Amino acid sequence: MKVRTRFAPSPTGYMHIGNLRTALYEYLIAKAAGGDFLLRIEDTDQKRYVEGATDIIYNTLKTVGMNWDEGPDIGGNYGPYVQSERKPVYAEYAHKLVELGGAHYCFCSKEEAEDGKEEENNIKFQDPCKFLSKEEAKARVDAGEPFVVRQTIHKKGKSKYHDEVYGDIEIDYDELDEGVLLKSDGFPTYNFANVVDDHLMGITHVVRGNEYVSSTPKYNLIYEDFGWEHPLYVHVPPVMKDAQHKLSKRNGDASFQDLVAKGYLPEAIINYIALLGWNPGTEQEIFSLEELKQIFSVDRLNRSPAIFDSVKLTWMNGCYLRALTPEQFHARALPFYKDIPAGIDLEALSRALQPRIETLGQIAGQTDFIKQLPDYSLELFTNKKMKTDSAVARQTLAEARKVLAGQQNWSNEALFESLKSLAETMGVKNGQVLYPVRIALSGKETTPGGATELAVLFGQEETLRRIDIALQKLS
RNA sequence: GGUCCCAUCGUCUAAUGGUUAGGACACCACCCUUUCACGGUGGUAAUAUGGGUUCGAAUCCCGUUGGGAUCACCA
C-alpha cells in the first residue's frame with residue numbers, strides 16, 4: 001500500500017519550529033517510501049482563525065522545499081482539503097456513528113457539562129443524555145433543540161495500540177472521557193474531524209505530537225465503531241525551549257520566519273530540526289533535504305524531548321554559509337546590507353564576510369564601522385601578541401601614511417607588499433604596522449578582513465582620512 | 001490528584017548484555033595567521049538514584065527521585 005502522510009496545521013498564525021519539524025517528519029516518512037504527502041487545513045475552530053495564516057503555511061513549506069502532492073491549492077482525489085469545506089461530511093458521519101452506537105446526542109449546556117465533573121475526586125462528566133432512548137434523542141434533535149454529538153465509551157478494560165516510536169501503549173477505557181465530536185455550531189472537533197479525514201483521505205501514518213498518545217485510544221474506538229482500520233501511529237516528543245517548557249511562539253520563541261529574518265538559511269534550519277529527535281545512526285550531521293529523503297526512518301526517532309539549541313543551529317548555519325559559492329553567498333547577503341555607503345565594493349565585502357559570520361544577521365554588526373568610524377579608545381592600539389601600543393602606533397602609522405599616500409597600485413597584494421617592506425625598513429614586525437592600520441581604519445577590535453583588505457574596501461582617500469584621524473588622536 | 005510517557009557529557013545524540021561509554025555544538029589549550037575568523041591538533045565533561053537478574057548491566061526487571069503530557073463545544 002502506498003504510504004500517505006499529512007500535515008494538518010490549524011491556521012492560527014505563525015509556523016512554529018515544532019510544527020515544522022512534525023511536518024518534516026511527515027514529509028520524510030512519505031518520501032522515503034515513495035509515498036504522498038498531503039496538506040490539510042484544520043480550521044474547525046472559527047474563533048482561532050487568523051487571516052493570512054494559511055499563506056504562511058504555504059510559503060514556509062515551499063521555502064524549505066517540502067512540496068505537497070495534494071492540498072487545498074492544488075486539489076487531489078480526496079478533497080476538499082480544508083475542513084471548513086467538509087462540514088456536511090462530518091455531520092453525516094457523526095449521525096452514522098450515533099446509529100452505530102459509538103456516540104450519542106447530548107443536550108447539556110457547556111456549563112452543565114463543566115459542573116458535572118469534580119476534579120479533586122477525579123470524577124468525570126457523566127452525561128445524563130447518554131441514557132436517553134434513541135427515539136427520544138432523535139425526536140429532540142428533529143425538533144430543533146441544540147445538541148452536540150458526544151462519543152460513547154462503550155468498552156471496558158484495557159485498550160491497546162502500537163506506536164512506532166513509543167511501542168505498545170495500554171490505557172484503561174475508564175480513563176477515556178466522552179468528548180464532544182460534533183459541536184453545537186455543526187463543526188467537528190479535532191477528535192472527530194481527524195479520524196474521519198485521515199480515514200477518508202487514506203492516511204497510512206499519523207504523525208503528531210506525543211500529547212496525543214493518551215487520547216489515541218478514543219480515536220481507535222471511533223475507527224473500530226465505523227469498522228475502519230486505524231492508521232500507524234508515530235507520536236513524536238516535543239521540541240523544548242528548556243527542560244521545563246515547550247518551544248512556543250506564545251513565549252516569544254523564534255518561529256521559522258523569525259529565524260529566516262535573523263539570517264538563518266532555510267536549508268540549515270531544516271537540517272538542524274531534522275536532527276532534533278532523530279539521528280541517522282552515522283556521524284554525518286550535514287544533510288540536504290534530498291539526502292534526508294533517502295535515509296530517513298521512523299525507527300531512529302527518539303522518545304524523549306529535545307531542547308532547541310540555537311547555538312548549534314548557528315554553527316550549522318555557518319557551515320551552510322561557508323559551503324556556498326561566493327556568488328551564492330553574495331546573493332543571500334545582499335538583502336542584509338543596510339547602511340553601506342555607495343562606492344563600497346559589495347562583492348569584495350561579501351568575500352571578506354563569508355568565512356566570518358554564522359548568520360546573515362551578523363552582517364550589520366560586522367560592517368557598522370564602514371559608514372561611520374566609531375569613536376574608539378586609544379587602548380585598542382595596544383595588543384600584546386602584535387607587540388603594539390599607542391607609542392608604536394604613532395610611529396608606524398605616520399610612516400604608513402607616507403607610504404600609502406604615494407601608493408599607486410591599490411590592490412591588496414601591492415598594499416601588503418608596500419607595508420611589509422615598510423616594516424622591514426623600520427625594523428619592526430609586520431603586525432606592528434598592520435595592526436595599527438587596521439585599528440585606524442575600523443576603530444574596532446575585530447573586523448572582516450585585515451588592514452590591507454579594509455584599505456582596498458575604502459579606497460585611498462578614505463584610508464588616508466581615517467589614518468589622519470588616528471594620528472590626531474595619538475598626538 | 002488519576003492515567004500515560006520520559007531519563008547517557010551543559011546541549012543534540014551513539015552504543016539494542018561484553019566499548020578505555022563514541023561523535024557534534026559550546027568551552028579551554030596549542031598550531032596556522034596582517035586583526036578577527038576559517039581550518040588543523042589536543043583537552044575538560046555523562047550513564048539521576050537504590051535494589052535485583054546475570055560470569056558480566058547505560059542496556060533487562062522493580063522501587064525512588066526528577067521532568068513532561070493529558071483529564072476543553074483547542075488542536
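Nothing here was measured: the structure is a model prediction, and the numbers come from that model. Throughout, a chain's letter reflects where its sequence line sits, starting with A, and its residues are numbered from 1.
Not a single donor-acceptor pair, N or O on each side, falls under 3.5 Å between the base of B:C6 and the side chain of A:Arg303. Counting distance only, with no hydrogens placed and no angle test, the side-chain atoms of A:Lys312 and the base atoms of B:A24 include a donor-acceptor pair under 3.5 Å. Taking only distance into account, the side chain of A:Thr447 meets the base of B:U35 through a donor-acceptor pair shorter than 3.5 Å. Checked by distance alone, A:Ser214 brings no side-chain donor or acceptor within 3.5 Å of a matching partner on the base of B:U3.
For B:A21 and B:A15, the C1' atoms lie 7 Å apart once the distance is rounded to whole Å. Straight-line distance between the C1' atoms of B:C30 and B:U11: roughly 26 Å, to the nearest whole Å. Between B:C28 and B:U44, the distance separating the two C1' atoms is 7 Å to the nearest Å. Using C1' as the reference atom, B:U53 and B:C60 are 8 Å apart when rounded to the nearest Å. For B:A48 and B:U8, the P atoms lie 6 Å apart once the distance is rounded to whole Å. The separation of B:U16 from B:U59, taken at their C1' atoms, amounts to 7 Å, rounded to a whole angstrom. Of the P atoms belonging to B:G51 and B:A58, the separation is 14 Å, rounded to the nearest Å. B:C74 sits 35 Å from B:C12 when the P atoms are compared, rounded to a whole Å.
As the counterpart of B:C74, no nucleotide is assigned, since no Watson-Crick or G-U wobble pattern has both distances under 3.5 Å.
Contacts of A:Tyr212 with the nucleic acid, taken as non-hydrogen atoms under 4.0 Å apart, include base atoms. Residue A:Gly449 is in base contact, counting any heavy-atom pair closer than 4.0 Å across all strands shown. No engagement by A:Cys106 is indicated, since no non-hydrogen atom pair under 4.0 Å with the nucleic acid exists. Within the 4.0 angstrom heavy-atom criterion, only backbone atoms of the sugar-phosphate kind lie near A:Asn302; the bases stay farther away. The residue A:Thr452 sits close to a base: some heavy atom pair falls under 4.0 Å. Using a 4.0 Å heavy-atom cutoff across all strands shown, A:Val311 reaches sugar-phosphate atoms only and no base atom. Among the atoms of the strands shown, only primed sugar atoms or phosphate atoms (P, OP1, OP2) are found under 4.0 Å from some heavy atom of A:Met386. Note on A:Asn430: nothing from the nucleic acid sits closer than 4.0 angstrom, heavy atoms only. Among the atoms of the strands shown, none is found under 4.0 Å from any heavy atom of A:Lys218. Among the protein residues, A:Ile439 comes within range of no part of the nucleic acid, since none of its heavy atoms lies under 4.0 Å from any strand.
Straight-line distance from the OH atom of A:Tyr233 to the C1' atom of B:A69: 18 Å, rounded to whole Å. Here the P atom of nucleotide B:U34 and the CG atom of A:Leu422 are 16 Å apart, to the nearest Å. A:Glu170 places its CD atom 9 Å from the P atom of B:C4, with the value rounded to the nearest Å. Taking atom CZ of residue A:Phe287 and atom C1' of nucleotide B:U13, one finds them 12 Å apart after rounding to whole Å. Counting to the nearest Å, the C1' atom of B:C25 and the CD1 atom of A:Ile307 are 14 Å from each other. Atom pair A:Tyr173:OH and B:U3:P shows a separation of 18 Å (rounding to whole Å applied). B:C25 atom P lies 11 Å from atom CD of A:Glu283, rounded to whole Å. What separates CD of A:Gln366 from C1' of B:U35 is a distance of 11 Å, to the nearest Å.
Relative to the six-membered ring of A:Tyr105, A:Arg140 misses at least one condition, a distance below 6.0 Å or an angle of at most 45° to the axis. Judged by the 6.0 Å and 45° rule, A:Lys385 forms no cation-pi pair with A:Tyr435. Both the sub-6.0 Å distance and the 45° axial angle are not jointly satisfied by A:Lys241 relative to the ring of A:Phe308.
Closest to the side chain of A:Glu211, from the set B:G22, B:G68, B:A69, is B:A69. Closest approach to the A:Thr446 side chain among B:A75, B:C36, B:U11 is made by B:C36 (side chain taken as heavy atoms from C-beta onward). Nearest nucleotide to the side chain of A:Lys47, out of B:C74, B:A75, B:G23: B:C74. With B:A26, B:G68, B:C4 as the candidates, the nucleotide lying closest to the side chain of A:Gln244 is B:G68. When each of B:C38, B:A75, B:A26 is scored by its nearest atom to the side-chain atoms of A:Lys183, the top-ranked nucleotide is B:A75. Of the candidate nucleotides B:A75, B:G23, B:A15, B:A15 has the atom lying nearest to any side-chain atom of A:Arg300. Here the nucleotide nearest the side chain of A:Arg48, chosen from B:A26, B:U13, B:A75, is B:A75.
With a glycosidic angle no further than 90° from 0, B:C38 counts as syn.
With centroids closer than 5.5 Å and planes inclined by less than 30 degrees as the test, A:Phe416 and the base of B:U34 pass as a stacked pair.
OP1 or OP2 of B:A37 has not a single side-chain nitrogen or oxygen of A:Arg322 nearer than 4.0 Å. Residue A:Asn210 has no polar side-chain atom (N or O) positioned under 4.0 Å from OP1 or OP2 of B:A69. Under 4.0 angstrom from either OP1 or OP2 of B:A75 there lies at least one side-chain N or O belonging to A:Thr44. Applying the 4.0 Å criterion to OP1 and OP2 of B:U35, one finds that A:Asn383 has every side-chain N and O outside that range.
Here the side chains of A:Leu38 and A:Ile203 are in contact, with some heavy-atom distance below 4.5 Å.
No more than 12 heavy atoms of other residues, nucleotides or ligands lie within 6.0 Å of CD in A:Glu379, so this atom counts as exposed by the packing criterion.
Where A:Ala451 and A:Ile171 each meet RNA chain B at their nearest nucleotide, the meeting point lying more 5' is that of A:Ile171. Two residues, A:Asp172 and A:Leu275, neighbour RNA chain B, and the one matched to the more 5' nucleotide by heavy-atom proximity is A:Asp172.
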Quiz item: Could you go step by step and tell me if A:Asp177 and A:Lys218 meet the salt bridge (charged side-chain N to carboxylate O under 4.0 Å, His left out) rule?
Solution: CA-CA 8 Å; A:Asp177 54 21; A:Lys218 288 194 294 191; 3.1 Å; yes

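Between A:Glu424 and A:Lys420 there is no salt bridge, since none of the side-chain N atoms of the basic residue sits less than 4.0 Å from a carboxylate O of the acidic one. Between A:Asp198 and A:Arg40 there is a salt bridge, since a side-chain N of the basic residue sits under 4.0 Å from a carboxylate O of the acidic one. Ionic pairing of A:Glu267 and A:Arg332 is present here: one or more N-O contacts between side-chain nitrogen and carboxylate oxygen are shorter than 4.0 angstrom.
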